[in-house]
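We count ligands from 1, going down the list as the structure has it; atoms in each ligand are counted the same way.
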Amino acid sequence: MASYDLVVIGTGPGGYVCAVRAAQLGMKVAVVEKNATLGGTCLNVGCMPSKALLHASEMFEEAAHSFAKMGVSVSTPKLDLPAMMNFKQQGIDGNVKGVEFLMKKNKIDVLKGTGKILGAGKVEISGGGKSETVETKNIVIATGSDIARLKGIEIDEKRIVSSTGALSLEKVPEKMLIVGAGVIGLELGSVWRRLGAEVMVVEFLDRILPGMDGEVAKQFQRMLEKQGFVFKLGAKVTSVDTSGKTLSAKIEPAAGGAAEALEADVVLVCIGRVPYTEGLGLKEAGVALDNRGRVQIDAHFSTSVKGVYAIGDVVAGPMLAHKAEDEGVAVAEIIAGQAGHVNYDVIPGVVYTTPEVSSVGKTEEELKQAGVAYTVGKFPFTANGRSKVNQTTDGFVKILADAKTDRVLGVHIVGREAGEMIQEACVLMEFGGSAEDLARTCHAHPTRSEAVKEAALAVGKRAIHM
Ligand code: FAD
Ligand code: NAI
């Protein structure tokens with residue numbers, strides 16, 4: 001029987017990063033993966049394919065609507081959807097091969113099949129009619145998450161799709177109905193709207209992007225509406241009639257009331273994701289779950305069974321690839337006897353639309369609720385030189401700092417490249433920096449990042465360009 005120091009079940013960003021870090025620390029490591037390719041949700045049907053389509057569709061829209069005003073004359077761009085899907089697939093393949101390379105480089109064994117925990121120290125891998133059992137000192141569960149489903153609405157991945165189907169539609173729907181105004185709805189809604197679909201988003205709550213700063217979400221909603229998004233807030237889809245040529249969705253106010261019917265060619269259900277623990281044998285092995293079906297862990301990623309750990313989407317916390325990666329590194333270091341740690345106060349979130357939305361730390365609502373006295377510094381991109389010359393002035397930077405200490409508690413950005421701009425705020429916050437620190441840091445000119453510096457200056461009511 002093969003024997004390891006660590007067996008990681010799942011090769012998403014949590015699992016494969018954990019395996020690499022453990023190998024770096026001298027452990028003999030194997031990963032178990034039931035999918036044909038490595039990389040998990042993120043590389044195969046999540047972050048990476050969605051970003052490829054967001055990029056390609058943004059270029060399509062730019063070519064049609066923005067080139068002419070810059071004096072670049074092109075004939076009306078034509079969509080070649082199979083070629084765009086091929087572009088997406090090339091990106092997936094490249095990244096998946098990259099993970100395979102990392103496994104080889106770090107001498108990590110890849111065991112193909114479904115992993116089942118037979119108890120502390122034993123994992124069974126089965127698939128293709130075969131099964132083998134390996135011994136291991138430690139096990140990390142990194143099995144990720146799956147789509148959440150709506151009762152009574154069956155996802156066929158053709159007309160009623162999850163994000164997976166929405167990443168591979170064969171033609172642009174005339175009308176797309178999206179259930180859920182979260183990250184997936186807004187990102188994939190953007191892709192198909194840019195390619196020509198009429199997009200309507202039905203959201204249960206009375207706002208989009210729950211969890212994000214309220215002011216940011218409100219302004220961002222207006223920007224999306226200008227682009228053509230139609231939002232139906234405080235509403236829910238209760239059924240979808242698939243009998244006709246087009247789908248007919250029944251929509252009801254969240255608080256109850258008269259239902260209305262809406263026609264659509266494609267319905268995208270994106271109402272969140274749920275932890276994935278199927279087939280792992282957790283119950284038999286004695287690994288406890290919490291009341292939301294997530295693997296329960298302590299502050300050191302340890303489950304209720306000694307030597308079995310869990311990380312990523314399958315445990316509590318934001319379902320984000322970088323959170324899974326950081327947990328992967330931390331748990332490998334803990335297993336190696338080091339002090340692995342994740343600072344959950346500084347996990348950025350980005351919505352990769354146009355403009356992008358990024359956020360780190362506390363929102364205004366959270367600070368109010370916690371009774372923390374804070375100061376706000378805001379700076380709009382309309383007053384940022386680089387944004388002005390590029391004529392991409394939508395959005396603003398908002399910095400929330402402790403009223404007494406000036407320590408930065410939260411940074412929220414709507415604007416082009418907001419996902420890149422948030423990183424300096426993350427570094428600042430990791431070091432417990434103040435708005436003054438940020439304001440006194442020299443920022444290259446002309447960059448959009450100068451708006452971050454100006455917002456920090458605005459905390460002290462001394463922005464220069466406003
Ligand atoms: P996963 O990536 O889900 O990987 C789990 C792996 O475990 C899978 O490969 C699965 O096959 C395998 N597995 C499960 N059970 C077993 C078993 N019993 N045996 C063997 N293998 C098993 N996050 C971001 O940070 N940025 C983004 O831009 C972003 N975009 C996204 C877009 C979409 C459309 C979706 C759906 C998600 C997106 N996410 C994004 C979220 C991100 O994909 C997840 O947070 C991340 O993949 C979680 O990583 P993980 O390692 O925990 O699990
Ligand atoms: P989400 O949690 O972001 O949004 C789901 C939305 O659906 C919420 O606004 C919720 O109020 C709404 N909703 C729930 N039930 C509903 C109902 N019955 N009717 C109408 N609306 C309903 O989940 P989403 O968009 O599915 O994404 C799943 C996960 O994937 C997220 O946790 C996210 O972190 C991750 N992800 C991250 C991305 C990024 O970082 N850029 C991109 C895409 C996904």
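- Of the charged side-chain nitrogens involved, none lies within less than 4.0 Å of a carboxylate oxygen, so that Lys250 and Glu260 do not count as a salt-bridged pair.
- For Phe431, the CZ atom is loosely surrounded, since the number of other residues' heavy atoms within 6.0 Å does not exceed 12.
- Nearest protein heavy-atom contact of atom 30 (O) of ligand 2 is Arg273 CD, 3.8 Å.
- Counting heavy atoms from C-beta on, the side chains of Val201 and Val230 never come closer than 4.5 Å.
- Shown here are the salt bridge (Lys or Arg N to Asp or Glu O under 4.0 Å) partners of Arg273, two or more places apart in sequence or in another chain: there are none.
- Within the structure, ring pair (Phe, Tyr, Trp, His ring centres under 6.0 Å) contacts touching residues 206-238 (residues at least two apart or in different chains) are Phe229-Phe231.
- Residue Leu205 has at least one heavy-atom neighbour below 4.0 Å for each of these atoms of ligand 2: 11 (O).
- Around atom NZ of Lys232, no more than 12 heavy atoms belonging to other residues, nucleotides or ligands sit under 6.0 Å away.
- Distances below 4.0 Å separate heavy atoms of Val350 from the following atoms of ligand 2: 39 (C), 40 (O), 41 (N).
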- Task: Tell me, with the steps shown, if Phe381 and Asp394 meet side chain to side chain contact (heavy atoms under 4.5 Å, CB included).
- Result: CA-CA 6 Å; Phe381 286 106; Asp394 270 351; over 6 Å; no
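- Counting heavy atoms closer than 4.0 Å to ligand 2, residue Val202 contributes backbone atoms (N, CA, C, O) but none from C-beta onward.
- Taking every heavy atom of Leu150 and a limit of under 4.0 angstrom, the matching atoms of ligand 2 come to 18 (N).
- Nearest protein heavy-atom contact of atom 21 (N) of ligand 2 is Phe204 N, 3.2 Å.
- Below 4.0 Å from some heavy atom of Met319 lie the following atoms of ligand 2, by number and element: 32 (O), 33 (C), 34 (O), 35 (C).
- Of the N or O atoms in Glu187, one or more lie within a sub-3.5 Å distance of an N or O in ligand 2.
- Of the options Lys51, Met212, Glu203, the smallest heavy-atom separation from atom 11 (O) of ligand 2 is shown by Glu203.
- For ligand 2 and Val179, the ligand atoms under 4.0 Å from any heavy atom of the residue are 19 (N), 20 (C).
- Between Lys51 and Glu187 a salt bridge is recorded (basic side-chain N to carboxylate O distance below 4.0 Å).
- Classification of Glu327 and Lys323 as a salt-bridged pair holds, one side-chain N sitting under 4.0 Å from a carboxylate O.
- The nearest protein atom to atom 26 (O) of ligand 2, hydrogens excluded, is given as Gly272 N, 2.9 Å; this is a heavy-atom distance.
- Every atom of ligand 2 is numbered from 1 in the order shown, and the set under 4.0 Å from a heavy atom of Gly182 is 3 (O), 4 (O), 6 (C), 9 (O), 25 (O).
- In this structure, Glu215 pairs ionically with Lys398, as a charged nitrogen and a carboxylate oxygen lie closer than 4.0 Å.
- At a heavy-atom cutoff of 4.0 Å, ligand 2 is contacted by the side chain of Pro210 but not by its backbone.
- Looking only at side-chain heavy atoms (C-beta outward), Val357 and Ile413 stay at 4.5 Å or farther from each other.
- The side-chain heavy atoms of Phe204 and Val237, taken from C-beta on, include no pair separated by under 4.5 Å.
- Side-chain contact between Val29 and Asp109 is absent, with no heavy-atom pair separated by less than 4.5 Å.
- For atom 14 (C) of ligand 2, the nearest non-hydrogen atom from the set Ile271, Leu186, Ile184 comes from Ile271.
- Among protein heavy atoms, the minimum distance from atom 38 (C) of ligand 2 is reached at Val183 CG1, 3.3 Å.
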Less than 3.5 Å apart, N/O on ligand 1 and N/O on the protein: could you list those pairs with the distances?
unit_1, atom_1, unit_2, atom_2, d
ligand 1, 2 (O), Thr41, N, 3.0
ligand 1, 3 (O), Thr41, OG1, 2.6
ligand 1, 9 (O), Glu33, OE1, 2.7
ligand 1, 9 (O), Glu33, OE2, 3.0
ligand 1, 11 (O), Glu33, OE2, 2.6
ligand 1, 18 (N), Gly115, O, 3.1
ligand 1, 19 (N), Gly115, N, 2.8
ligand 1, 21 (N), Lys34, N, 3.2
ligand 1, 23 (N), Ala321, N, 3.4
ligand 1, 25 (O), Ala321, N, 2.8
ligand 1, 25 (O), His322, ND1, 3.3
ligand 1, 28 (O), Lys51, NZ, 2.7
ligand 1, 30 (N), Cys47, N, 3.4
ligand 1, 30 (N), Lys51, NZ, 3.4
ligand 1, 45 (O), Asp313, OD1, 2.9
ligand 1, 45 (O), Asp313, OD2, 3.2
ligand 1, 45 (O), Met319, O, 3.2
ligand 1, 45 (O), Leu320, N, 3.2
ligand 1, 45 (O), Ala321, N, 3.4
ligand 1, 47 (O), Cys42, N, 3.4
ligand 1, 51 (O), Pro13, N, 3.4
ligand 1, 51 (O), Gly14, N, 2.9
ligand 1, 52 (O), Asp313, N, 2.9

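- Taking atom 7 (O) of ligand 2 as the reference point, the nearest protein heavy-atom neighbour is Gly180 CA, 3.3 Å.
- Contact atoms of ligand 2 toward Tyr352: 41 (N) (distance under 4.0 Å to a heavy atom of the residue).
- Considering only residues two or more places apart in sequence or on other chains, Arg416 meets the salt bridge (Lys or Arg N to Asp or Glu O under 4.0 Å) condition with Glu58, Glu62.
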